[in-house]
2 protein chains.
Amino acid sequence: MEMKSVTRSLRVLEAVARHQPVTVGELTKLFGLPKSTLQRTLVTLNEAGWLRANRKDTTRWEIGARVLAVRPAALQGSSLFAAAREPMIRLRDAVNETIHLSVPDALHGMVVVDRVDCDHAVRTFHSIGDTSPLHATAAGNAVLAHLGKSEIDEVAAGTLEGYGEETITDPGQLRGELHRVRERGYAVNHNQYLQGVCAIAAPVLDSEGTPLAAVAVSLPDSRFEPGRLPELGRLVAETAAEITARHLA
Amino acid sequence: MEMKSVTRSLRVLEAVARHQPVTVGELTKLFGLPKSTLQRTLVTLNEAGWLRANRKDTTRWEIGARVLAVRPAALQGSSLFAAAREPMIRLRDAVNETIHLSVPDALHGMVVVDRVDCDHAVRTFHSIGDTSPLHATAAGNAVLAHLGKSEIDEVAAGTLEGYGEETITDPGQLRGELHRVRERGYAVNHNQYLQGVCAIAAPVLDSEGTPLAAVAVSLPDSRFEPGRLPELGRLVAETAAEITARHLA
DNA sequence: GCATAGCGTGTCACACTGTGGCACGTGACT
DNA sequence: AGTCACGTGCCACAGTGTGACACGCTATGC
């Protein structure tokens, strides 16, 4: 079950996305593969519409718009994405902090799918497409808390990697935290994953209670005030509830 | 320059995107290929992270989150996308009609990259990722009008496919229309492409005047009032200008 | 002005890859 | 039990993609 050319083509696609507009030569250095091989790959991807030549320098390649037609199941019909946008902007306006929408991917991590920025000079930054661990982030915990027991066990049984002093690495402690998340309706991350980054998150559930995504307020440690937690938590949970409602409508 | 397996894999990816969550059997009917071939493709795409098994029915496949890492690159570094969002929502609030953001793809068509919905019961509908011809849509004309003469020639020299009574299929007539678009700052489509669908669009330009995208107000024929055109056109053009300004900032 | 080095592009024989016919296990419906 | 359709697994062979090599071009250095 190899399909070498396919896996390589997809890796090339990802490399082009990160380095666009990029030339064949630059890619040979990145991959250590023969020029002919890479060029053949680029031409093929181009013919398929997934890549295109830069309009100004036709030897440089960039991502084609075809990619946009391929959307993750979590965003199917764009309804979740569309439903989330305006509530997210309102939440940002209310708290003036960066808001993220993330979806779980194969129980291995959360992926940022949308973002609304605040206007502080100092702010947290995560690109769309970035991934983060379930057990060490607010968005991850918000989702995890509403998964079935078997799925929680699966995650807790795996290695709970530590990223710093605050990371929860003990399965029992994680279960306790998830219980608290369920009770108060929102999850909190205080320096558990990235140093200096805090977040408050709440889950977006489908009609059966399965978590589809999480909305999170993300802010620098320097602006984190424990006293405001209940208020922020309430706002985030309300936003998540509104997204859920719009999504079902 | 074939790369049969790669092209096929990408086709499969697109098919999965359209039909997710989908089974092997359904795909064999779509492609007329052996089950083994398709399954091998699915497994490979899954291992690459672009596909994943549905959580409830593990024999059904859907698009994985990996594509999100590539997606922002398709939106010109994502800054355009982010810059456009809030002006688009304001425009929607002002006119209560569906707003689209589209980018040109390889001079062959426009691709919808973002959408803000109105709240009418009757509304136009285009999914993100949908494509439409340059010569027969408002967004297409808005972009085309600001391309170089050689590029306009290229399009005009090609076949200007007709989609109905109103479609401009004559190259000379198209040039005249594009001239008018440049003069008044916005393009209008009255049933030229899809029957019953009208739109008013304006281009988003980069610092050199190259069109990067177009914003469009899209509405059903039944709500189209010629008398409101100047006002709508002005609003759309202002929105496009604001997106341009934010994008450069 | 000539040499060199780097680029993108093109070619081709060979090895190895992906192919697809076939067969198995399973679960649903008759 | 019997039938059917499904997802999955296997393997010989044909056809595919591979990558060393070569070409033309441009920029840079001597």
Side-chain angles (χ1 to χ4, degrees), chain A residues 1-64 66 73 76 106-107 150, chain B residues 1-64 66 73 106-107 150 154:
Chain A
M1 227 50 90
E2 268 291 296
M3 293 275 211
K4 215 166 164 180
S5 58
V6 174
T7 37
R8 186 159 33 68
S9 296
L10 292 173
R11 301 227 334 266
V12 168
L13 206 60
E14 290 163 21
V16 171
R18 267 198 301 282
H19 298 101
Q20 70 175 337
V22 74
T23 64
V24 181
E26 288 163 11
L27 289 170
T28 62
K29 280 162 198 155
L30 273 170
F31 285 88
L33 287 169
K35 278 185 297 181
S36 4
T37 303
L38 279 166
Q39 208 219 1
R40 201 159 1 93
T41 306
L42 290 172
V43 171
T44 304
L45 290 173
N46 173 58
E47 283 170 356
W50 288 65
L51 235 51
R52 66 174 179 213
N54 186 294
R55 203 176 288 155
K56 285 157 192 172
D57 179 353
T58 51
T59 73
R60 288 188 171 270
W61 300 89
E62 49 192 36
I63 298 292
R66 176 71 54 94
Q76 199 172 6
L107 297 180
S150 64
Chain B
M1 228 47 91
E2 268 290 295
M3 291 280 211
K4 214 165 163 180
S5 58
V6 174
T7 343
R8 184 159 33 68
S9 296
L10 294 173
R11 286 241 149 75
V12 169
L13 210 56
E14 290 164 22
V16 171
R18 266 198 301 282
H19 299 101
Q20 61 184 321
V22 74
T23 64
V24 182
E26 288 163 10
L27 289 170
T28 62
K29 279 162 199 156
L30 274 170
F31 285 88
L33 287 169
K35 278 185 296 183
S36 5
T37 304
L38 278 166
Q39 207 217 3
R40 200 158 4 92
T41 305
L42 291 172
V43 171
T44 304
L45 291 173
N46 173 58
E47 282 170 356
W50 287 66
L51 235 52
R52 66 175 182 209
N54 186 294
R55 202 176 292 156
K56 284 157 191 171
D57 179 352
T58 52
T59 73
R60 289 189 170 268
W61 299 89
E62 51 192 34
I63 299 294
R66 176 71 55 96
L107 299 179
S150 65
E154 193 183 317

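The sequence lines fix the lettering, A, B, ..., with proteins before strands; numbering per chain opens at 1. What you see below is based on every heavy atom in this structure, not just the backbone, and it leaves out hydrogens, waters and symmetry mates. Source: prediction; values computed, not measured.
Judged as a salt bridge (Lys or Arg N to Asp or Glu O under 4.0 Å), and not counting sequence neighbours, the contacts of A:Arg60 are A:Glu26, A:Asp57.
Distance A:Leu38 CG to D:dA20 P: 12 Å, rounded to the nearest Å. In this structure, A:Met3 atom CE and D:dG17 atom C1' are separated by 13 Å, rounded to whole Å. Distance, B:Asn54 CG to D:dG7 C1': 15 Å, rounded to whole Å. The CG-P distance, from B:Leu42 to D:dC6, rounds to 15 Å in whole Å. Remark: P of C:dC7 and CH2 of A:Trp61 are 17 Å apart, rounded to the nearest angstrom. One can place CG of A:Leu27 at 15 Å from P of D:dG19, the figure rounded to the nearest angstrom. Atom CG of B:Leu45 is separated from atom P of C:dG18 by 13 Å (rounded to the nearest Å).
Here A:Thr37 lies in heavy-atom contact (under 4.0 Å) with a base.
Inter-residue side-chain proximity for A:Leu45 and B:Leu10 is flagged as met; some heavy-atom pair is nearer than 4.5 Å. When side chains are defined from C-beta on, B:Thr41 does not count as touching B:Leu13, because their heavy atoms never get closer than 4.5 Å.
Nearest heavy atom pair, residue A:Pro21 against residue A:Glu62, reads CB-OE1, 4.1 Å. Taking every heavy atom of both residues into account, B:Ser5 and A:Val6 meet most closely at O-CG2, 3.6 Å.
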May I have the list of side-chain donor-acceptor pairs in residues 28-38 of chain B shorter than 3.5 Å, sequence neighbours left out?
from    : atom 1 : to      : atom 2 : distance (Å)
B:Thr28 : OG1    : B:Gly25 : O      : 2.5

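DNA chain C is contacted by both A:Thr58 and A:Val6; A:Thr58 maps to the nucleotide lying nearer its 5′ end (nearest heavy atom per residue). In terms of position on DNA chain C, the residue among A:Thr23 and A:Lys4 whose nearest nucleotide sits closer to the 5' end is A:Thr23.
Out of D:dT8, C:dG8, D:dG17, the shortest distance to the side chain of A:Thr59 is found at C:dG8. If you check C:dG20, D:dC6, D:dG19 against the side chain of A:Leu33, the one that comes closest is D:dG19. Here the nucleotide nearest the side chain of B:Ser36, chosen from C:dC22, D:dG17, D:dC6, is C:dC22.
For D:dG7, the OP1/OP2 oxygens have no side-chain nitrogen or oxygen of B:Gln39 closer than 4.0 Å.
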Nucleotide-resolved protein contact map, nucleotides 23-30 of chain C, B/S/- at heavy-atom distance under 4.0 Å: --------
Full working for side chain to side chain contact (heavy atoms under 4.5 Å, CB included) between A:Val24 and A:Leu42: CA-CA 8 Å; A:Val24 181; A:Leu42 290 172; 3.8 Å; yes
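For B:Arg40 against C:dG20, a side-chain N or O and a base N or O form a donor-acceptor pair under 3.5 Å.
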